[in-house]
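Take a look at the structure below.
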Amino acid sequence: MDTNVSSPSMFILLGLSDVPYLQVICFLIFLMMYIITLAGNLLLIIVVRINPNLQTPMYFFLSNLSFIDICFSSTIVPKILVNTLAKDRSISLIGCAFQMYFSLALGATECIILAVMAFDRFAAICRPLHYSTIMSRMLCVTLASHHISHFFCEIPPFLQISCTDTRLNEIAMYVSAGIIVMMSFFLTLISYIHIISTILKIQSSRGRQKTFSTCTSHLTVVTLYYGTIMFMYLRPRSAYLPETDKTVSILYTVVTPMMNPFIYSVRNKDVKFTIINTLNIFKTL
């Protein structure tokens with residue numbers, strides 16, 4: 001057995017492309033998406049804070065989701081921007097560990113927040129008379145507080161380049177991902193089974209449509225986020241495809257944080273009205 005094996009102190013992130021003009025295009029696209037992510041999520045947080053009509057549990061959790069999206073995107077996108085144009089694409093072992101830790105922690109927190117938001121919709125639709133009691137301010141604060149190849153440091157690509165047996169690491173990844181992602185997914189699924197059951201009991205088709213419309217934004221985000229996370233972390237190692245995995249990772253690390261504020265606000269009149277009023281105020285200054 002060879003014991004003369006040393007742990008690398010640096011890693012090289014290969015990025016998305018080695019073609020110069022594609023690198024410039026990727027840089028501009030990611031820069032624009034990052035600016036939109038920051039602006040959209042910050043605007044949504046401000047809108048929820050200044051509009052009394054949005055002081056509800058759903059928008060309290062949405063504000064937390066926007067904050068997580070800002071942090072999640074900020075742990076990954078700035079490094080992508082630097083590495084896209086830089087000649088030196090190296091990252092230290094400590095830097096990689098920090099990026100991996102924060103991206104995993106924030107990603108897991110987003111899973112749980114989405115599950116809590118599904119429970120909020122369940123309480124609002126299935127238990128409307130007890131909604132304010134169930135989703136009390138104290139409960140909302142408690143739920144939000146306790147939940148805390150490649151172009152960035154992520155576990156699956158690292159397992160592929162490992163020279164040692166990674167079966168225990170893979171088992172640990174499956175168990176942790178299974179507990180966090182699948183438990184969040186099943187809580188969401190159970191909530192929506194009750195929600196759909198309640199909606200089907202509503203007599204008028206307009207009433208059913210109006211009630212279900214309050215869930216469409218959340219369902220869109222849940223489908224995109226949970227789908228890509230489960231695809232990345234609940235597959236056998238032999239199924240990893242570097243180029244496909246890069247695309248999937250972009251969806252949940254860059255695209256979803258950018259799209260969330262637009263998905264949640266596009267169908268909400270109070271949010272759109274507050275945004276328009278805020279923009280009009282800035283124009284008059």
Determine whether a donor-acceptor pair (N or O, by modelled atom type, separation under 3.5 Å) exists between the side chain of R208 and the backbone of Q203.
yes
Considering non-hydrogen atoms only, spot the tightest contact between T198 and C126 and give its length.
OG1-SG, 3.0 Å
How long is the straight-line distance from CD1 of I112 back to CG of L65, given to the nearest 0.5 Å?
12.5 Å
Would you say the side-chain atoms of Y226 pair up with the backbone N or O of C111, donor to acceptor, closer than 3.5 Å?
yes
Kindly give the heavy-atom pair with the smallest separation between F102 and T75, and that separation in Å.
CB-CG2, 4.0 Å
Drop me the distance from C26's SG to L31's CG, to the nearest 0.5 angstrom.
12.5 Å
Nearest 0.5 angstrom please: R121 CZ to S191 OG, how far?
11.0 Å
Shortest non-hydrogen separation from T256 to L224 and the atoms involved
OG1-CD2, 3.3 Å
For the backbone of T37 and the side chain of D69, can you confirm whether one donor and one acceptor N or O come within less than 3.5 Å of each other?
no
How far apart are the closest heavy atoms of Y59 and V48, and which atoms are they?
O-CG1, 3.7 Å
Check for me, please, whether L187 and I113 land in the same ILVMFWY cluster - side-chain distances under 4.5 Å, paths through other members count.
no
Check A118 against I195 and note the closest heavy-atom contact, atom names and distance.
O-CD1, 4.1 Å
Is the ring pair Y225/F72 parallel, tilted or perpendicular, if the boundaries are 30 and 60 degrees?
perpendicular
Does the gap between the ring centers of H218 and Y192 come in under 6.0 Å?
yes
With a 4.5 Å cut-off on side-chain heavy atoms, are L38 and S74 touching?
yes
Any heavy-atom pair between the side chains of N260 and E110 that's under 4.5 Å?
yes
Spell out, yes or no, whether F30 and I70 are grouped together once hydrophobic residues are joined by side-chain heavy atoms under 4.5 Å, including indirect joins.
yes
Can you get from F27 to V82 by hopping between Ile, Leu, Val, Met, Phe, Trp and Tyr side chains that sit under 4.5 Å apart?
no
If hydrophobic residues (ILVMFWY) are linked whenever their side-chain heavy atoms come closer than 4.5 Å, directly or via other members, who joins I50 in its cluster?
I46
Donor-acceptor contact present, side-chain S197 to main-chain I193, <3.5 Å:
no
When rounded to the nearest 0.5 angstrom, what is the spacing between CG in L44 and OG in S66?
4.0 Å
Using the rule that two of Ile, Leu, Val, Met, Phe, Trp, Tyr join whenever any of their side-chain heavy atoms come within less than 4.5 Å, decide whether F122 and I196 are in one cluster.
no
To the nearest 0.5 Å, tell me how far L81 CG sits from I29 CD1.
11.5 Å
ILVMFWY cluster membership beyond I202 - transitive side-chain contacts under 4.5 angstrom:
none
ILVMFWY cluster membership beyond I190 - transitive side-chain contacts under 4.5 angstrom
none
Roughly how far apart are H194 NE2 and I199 CD1, rounded to 0.5 Å?
13.0 Å
Looking only at non-hydrogen atoms, find the nearest pair between T188 and L114 and report the distance.
OG1-O, 4.2 Å
